[in-house]
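No experiment lies behind these values; they were computed from the predicted model shown.
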Amino acid sequence: MTQRERMLAGQLYRADDPELEAAHSHRHRLVTQINAASAREELLPLFQALFGTMGESSWVEPPFHCDYGSHIRMGRNCYLNCDCILLDVCDITLGDNVLLAPRVCIFTATHPIDAAIRNSGLEYGKPVRIGNNVWIGGNTVVNPGVTIGDGTIVGSGSVVTKDLPAGVIAAGNPCRILRPITDADRTHWEVLAEQYQAEHP
């Protein structure tokens, strides 16, 4: 296996491999252009070149940072606010309609617990999967290997260390489930939306 193949498989690898260094250089050029862009119309082709996939009507606000970019797969109608950091040594998968508030960090990169092995330069990663219709509040950290289920909301400032199921509100450090999202929640917001539509036909 190549070092890149080992990396994506979650096995120990070396980041100073020539193939990975070339991928880093490619990412660095694109991200530098993204974060220096002065016009919105310049950004979409740069992000499309950076990401593995970027679904229709998705958008990312600069500044933005990542490890490779090519291991980020984003669904339709996603919105990543400014200062998000996605360390994608393994796949980061975002479903449709995902909202990331400012300074959300998604980390797949990690290191061995043993200091001697860690200091030798070996590292590894674990993929992160975010379902459809997920909203993650500002300054949240999603740690390696985490899966967040469809429709879940994560409160600002959380540190998500374990999987979260679908359809819950969770928050805290470490992040924990506060309560399910219920039919009463949906009814409440449907009423407010109907009032808005009535006032703004």
Engineer: Decide yes or no for N81 and D83: does some side-chain heavy atom of the first lie under 4.5 Å from some side-chain heavy atom of the second?
Structural biologist: no

Engineer: Just wondering, do L43 and I34 contact through their side chains at under 4.5 Å, heavy atoms?
Structural biologist: yes

Engineer: How about R14: does its CZ atom have over 12 heavy atoms from other parts shown lying under 6.0 Å from it?
Structural biologist: yes

Engineer: Measuring only between side-chain heavy atoms, which start at C-beta, is D91 closer than 4.5 Å to R73?
Structural biologist: yes

Engineer: Donor-acceptor check, side chain of T152 to backbone of V134, threshold 3.5 angstrom: yes or no?
Structural biologist: no

Engineer: What is the minimum heavy-atom distance between C82 and P62, and which atoms define it?
Structural biologist: CB-O, 3.5 Å

Engineer: Minimum heavy-atom separation for I113 to R118, with atom names?
Structural biologist: O-NH1, 2.8 Å

Engineer: Between S70 and F51, is there a donor-acceptor pair closer than 3.5 Å when you use the side chain of the first and the backbone of the second?
Structural biologist: no

Engineer: Minimum heavy-atom separation for T110 to P144, with atom names?
Structural biologist: CB-CG, 4.1 Å

Engineer: With distance as the sole test, does D88 use its side chain to make a donor-acceptor pair with the main-chain N or O of D67 at under 3.5 Å?
Structural biologist: yes

Engineer: Would D17 and R4 pass as an ion pair if we require N to O under 4.0 Å?
Structural biologist: no

Engineer: Do V168 and L178 make a side-chain contact, defined as non-hydrogen atoms from C-beta onward lying under 4.5 Å apart?
Structural biologist: no

Engineer: I'd like to know if D185 pairs up with R179 as an ion pair, taking the criterion as any Lys NZ or Arg NE/NH1/NH2 lying under 4.0 Å from an Asp or Glu carboxylate oxygen.
Structural biologist: yes

Engineer: Nearest heavy-atom pair of A49 and H26: which atoms, and what distance?
Structural biologist: O-NE2, 4.1 Å

Engineer: Output yes when a side-chain donor or acceptor of T187 lies under 3.5 Å from a complementary backbone atom of A184, and no otherwise.
Structural biologist: no

Engineer: Do D150 and N133 meet the criterion of a side-chain donor-acceptor pair at a distance under 3.5 Å?
Structural biologist: no

Engineer: Is the H71 ring parallel, tilted or perpendicular to the Y68 ring (thresholds 30°, 60°)?
Structural biologist: tilted

Engineer: Check whether D163 reaches the backbone of T147 with its side chain - one donor and one acceptor, N or O, closer than 3.5 Å.
Structural biologist: yes

Engineer: If every non-hydrogen atom of S158 is compared with every non-hydrogen atom of A170, which pair is closest and at what distance?
Structural biologist: OG-O, 4.3 Å

Engineer: Is there side-chain contact between F64 and L86, with at least one heavy-atom pair below 4.5 Å?
Structural biologist: yes

Engineer: Answer yes or no: does atom CH2 of W59 have more than 12 heavy-atom neighbours from other residues, nucleotides or ligands under 6.0 Å?
Structural biologist: yes

Engineer: Can R40 and E61 be counted as an ion pair, charged N to O under 4.0 angstrom?
Structural biologist: yes

Engineer: For the side chain of S58 and the backbone of C78, is there at least one donor-acceptor N/O pair under 3.5 Å apart?
Structural biologist: yes

Engineer: For a side chain to side chain contact (heavy atoms under 4.5 Å, CB included) with T140, tell me which candidate from N173, V159, V154 qualifies.
Structural biologist: V154

Engineer: Around atom CG of L192, are there more than 12 heavy atoms of other residues, nucleotides or ligands at under 6.0 Å?
Structural biologist: yes

Engineer: Do C66 and V31 come close enough that some side-chain heavy atom pair is under 4.5 Å?
Structural biologist: yes

Engineer: Do T93 and P127 have side chains that get closer than 4.5 Å, going by heavy atoms?
Structural biologist: no

Engineer: Before giving the answer on side-chain hydrogen bond (donor to acceptor under 3.5 Å, both in side chains), spell out for N97 and N77 the whole-Å C-alpha distance, their side-chain angles and the decisive distance to 0.1 Å.
Structural biologist: CA-CA 5 Å; N97 306 303; N77 197 40; 2.8 Å; yes

Engineer: Is it the case that more than 12 heavy atoms not belonging to H28 sit under 6.0 Å from its NE2 atom?
Structural biologist: no

Engineer: If you count heavy atoms of other groups shown closer than 6.0 angstrom to CZ of R76, is the number above 12?
Structural biologist: no

Engineer: State, to 0.1 Å, how close P63 and N35 come at their nearest heavy-atom pair, and which atoms those are.
Structural biologist: CA-OD1, 3.1 Å

Engineer: For L50, is there any backbone N or O sitting under 3.5 Å from a side-chain donor or acceptor partner on R27?
Structural biologist: no

Engineer: Is the backbone N or O of V89 less than 3.5 Å from a side-chain atom of T108, with the two atoms forming a donor-acceptor pair by type?
Structural biologist: yes

Engineer: Given 3.5 Å as the limit, does a donor-acceptor pair link the side chain of T161 with the main chain of C175, or not?
Structural biologist: no

Engineer: By the definition side chain to side chain contact (heavy atoms under 4.5 Å, CB included), identify the one residue from R6, Q3, E5 that meets it with Q11.
Structural biologist: R6

